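This report concerns only the one structure given below.
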Amino acid sequence: MLEDVLKQVQDGTLSITAAKEQLATFENLGFAKVDHHRKKRQGFAEVVYGEGKTAEQIISIILTLRARNNEILVTRVAMEKAELIRNELPELIYNETARILFWKNETNTERSPEGYIAIVAAGTSDLRVAEEAAITAEVLGSKVRRFYDVGVAGIHRLLFHAEEIQNATVSVVVAGMEGALPSVVGGLVSHPVIAVPTSIGYGASFNGLSALLTMLNSCASGISVVNIDNGFGGGYNAVLIHQLAQKG
């Protein structure tokens with residue numbers, strides 16, 4: 001990119017001011033430095049973590065990002081805050097379950113990778129985290145298939161979908177309580193499994209710590225574990241694996 005910009009300046013088709021704007025790696029909003037270089041480094045634009053930010057701050061960041069990107073993803077946004085943001089930016093879509101605000105440029109012609117990511121959730125109580133993973137993957141350009149309420153307490157429900165899950169490129173497996181589901185899925189598939197522990201469970205689950213430790217101690221191979229309730233991290237990593245699989 002640097003060579004292209006320098007050539008345009010040399011040819012007189014691009015001003016020095018415009019060249020500086022194109023080469024700028026971040027934009028300083030005072031309260032935030034928006035990373036415009038992230039898509040070039042990592043393939044995806046900066047994702048906004050909504051918790052702790054005001055609606056006004058999020059709006060400013062979105063407007064800055066949208067000027068250069070085809071998708072916007074804001075995680076952990078409470079409904080009241082989302083309503084304030086959508087009053088100013090009604091084109092954004094809010095998923096209440098995932099607590100995600102997002103926007104995609106419908107005129108974008110980039111092709112989605114072949115195949116799909118399986119999002120597997122143990123119980124209905126885990127859907128908040130599972131949907132965070134699913135929406136993240138979809139916004140970042142991957143196809144997703146959801147397999148919900150297939151926990152180990154009724155293992156036949158998981159086995160009913162076994163072939164579809166096995167045909168995925170990568171699975172994101174979300175579970176609370178004792179967190180056993182990723183081990184079961186890991187023993188059935190030949191692709192990577194990303195385990196996401198949730199804070200769902202009774203007292204001795206310690207707000208997800210029990211599920212986290214179970215997943216870290218899994219005897220099934222090919223399982224990686226993200227932090228408690230980190231559906232975004234699970235979905236993001238799944239997209240990276242899914243895209244890399246297409247290059248093979």
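Quick caveat, the model's predicted, so the values are computed rather than measured.
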By side-chain contact (heavy atoms from CB on, under 4.5 Å) - contacts of Ile58 (at least two apart): Lys53, Ile62, Val74, Lys81, Ile85
When you compare the side chain of Val129 with that of Asn230, does any pair of heavy atoms fall below 4.5 Å? no
After noting the C-alpha distance and the side-chain angles of Val170 and Val193, does the key distance pass the side chain to side chain contact (heavy atoms under 4.5 Å, CB included) rule? CA-CA 6 Å; Val170 53; Val193 171; over 6 Å; no
Which pairs count as salt bridge (Lys or Arg N to Asp or Glu O under 4.0 Å) when at least one residue sits in residues 162-189, sequence neighbours excluded? Arg145-Glu164
Same cluster for Leu89 and Val48 if Ile/Leu/Val/Met/Phe/Trp/Tyr side chains link at under 4.5 Å? yes
With the 4.5 Å side-chain cut-off for hydrophobic clustering, are Leu101 and Leu65 part of the same group? yes
Of all heavy-atom pairs between Val225 and Pro197, which one has the smallest distance, and what is that distance? CG1-CD, 4.1 Å
Is there a path from Met215 to Val226 through hydrophobic residues (I, L, V, M, F, W, Y) whose side chains come within less than 4.5 Å of each other? no
Nearest-0.5 Å distance that lies between atom CG in Asn217 and atom CG in Leu212: 9.5 Å
According to side-chain hydrogen bond (donor to acceptor under 3.5 Å, both in side chains), who are the partners of Ser142, at least two apart in sequence or on a separate chain? His242
Ring pair (Phe, Tyr, Trp, His ring centres under 6.0 Å): which pairs involve residues 201-232, sequence neighbours left out? Phe232-Tyr236
For a 4.5 angstrom cut-off between non-hydrogen side-chain atoms, does Thr136 reach Val239? no
Does the side chain to side chain contact (heavy atoms under 4.5 Å, CB included) test come out yes or no for Arg99 and Met79, once each step is laid out? CA-CA 7 Å; Arg99 296 184 299 166; Met79 182 186 292; over 6 Å; no
Suppose we screen for side-chain contact (heavy atoms from CB on, under 4.5 Å). Which residues come up paired with Thr97, at least two apart in sequence or across chains? Asn95, Leu127, Glu131
Any side-chain heavy-atom pair from Glu46 and Leu73 closer than 4.5 angstrom? no
With a 4.5 Å limit on heavy-atom distance, are the side chains of Ile165 and Ser171 in contact? yes
side-chain contact (heavy atoms from CB on, under 4.5 Å) filter on Glu88, not counting sequence neighbours, yields Ile59
Heavy-atom distance under 4.5 Å between the side chains of Val120 and Val172, does that happen here? no
side-chain hydrogen bond (donor to acceptor under 3.5 Å, both in side chains) with Glu132: which residues, sequence neighbours excluded? Arg76
Measuring only between side-chain heavy atoms, which start at C-beta, is Leu240 closer than 4.5 Å to Asn237? yes
What's the separation between atom OG1 in Thr124 and atom CD1 in Ile200, rounded to the nearest 0.5 Å? 10.5 Å
Applying ring pair (Phe, Tyr, Trp, His ring centres under 6.0 Å), name anything that partners Tyr94, two or more places apart in sequence or on another chain. none
For Ser199, what residues pass the side-chain hydrogen bond (donor to acceptor under 3.5 Å, both in side chains) criterion, not counting sequence neighbours? Asp229
Hey, could you give me each pair passing ring pair (Phe, Tyr, Trp, His ring centres under 6.0 Å) that has a residue in residues 122-153? Not counting sequence neighbours. Phe147-His161
Are Met177 and Val184 connected, step by step, through hydrophobic side chains (Ile, Leu, Val, Met, Phe, Trp, Tyr) whose heavy atoms are closer than 4.5 Å? no
Applying side chain to side chain contact (heavy atoms under 4.5 Å, CB included), run through Thr169 and His191 and close with a yes or a no. CA-CA 6 Å; Thr169 306; His191 58 245; over 6 Å; no
Check this for me: Gln166, atom CD, are more than 12 non-hydrogen atoms of other residues, nucleotides or ligands nearer than 6.0 Å? yes
With sequence neighbours left out, write down each residue that passes side-chain hydrogen bond (donor to acceptor under 3.5 Å, both in side chains) with Asp149, or none if nothing qualifies. Arg157
Would you give the length of the straight line joining atom OG1 of Thr75 to atom CD of Glu51, rounded to the nearest 0.5 angstrom? 8.0 Å
Could you report the tightest heavy-atom contact between Ala211 and Thr198, atom names first, then the distance? CB-O, 4.4 Å
Between Ile72 and Val47, is any pair of side-chain heavy atoms under 4.5 Å apart? no
So how far is it from Arg146 CZ to Ile117 CD1, rounded to the nearest 0.5 Å? 11.0 Å
Tell me, please, which residues at least two apart from Ser218 pass side-chain contact (heavy atoms from CB on, under 4.5 Å). Ser183, Ala220, Ile223
Are Ile241 and Ile194 close enough that some pair of their side-chain heavy atoms sits under 4.5 Å apart? yes
Taking all non-hydrogen atoms of both residues, which atom of Arg86 and which atom of Leu92 are closest, and how far apart? NE-O, 2.7 Å
Please determine whether side chain to side chain contact (heavy atoms under 4.5 Å, CB included) holds for the pair Tyr116 and Asn167, giving the CA-CA distance in whole Å, both sets of side-chain angles, and the decisive distance to 0.1 Å. CA-CA 8 Å; Tyr116 57 89; Asn167 288 333; 3.3 Å; yes
Path from Val185 to Val152 over hydrophobic side-chain contacts below 4.5 Å: yes
For Ser205 versus Gly201, what's the shortest heavy-atom pair and its separation? OG-C, 3.3 Å
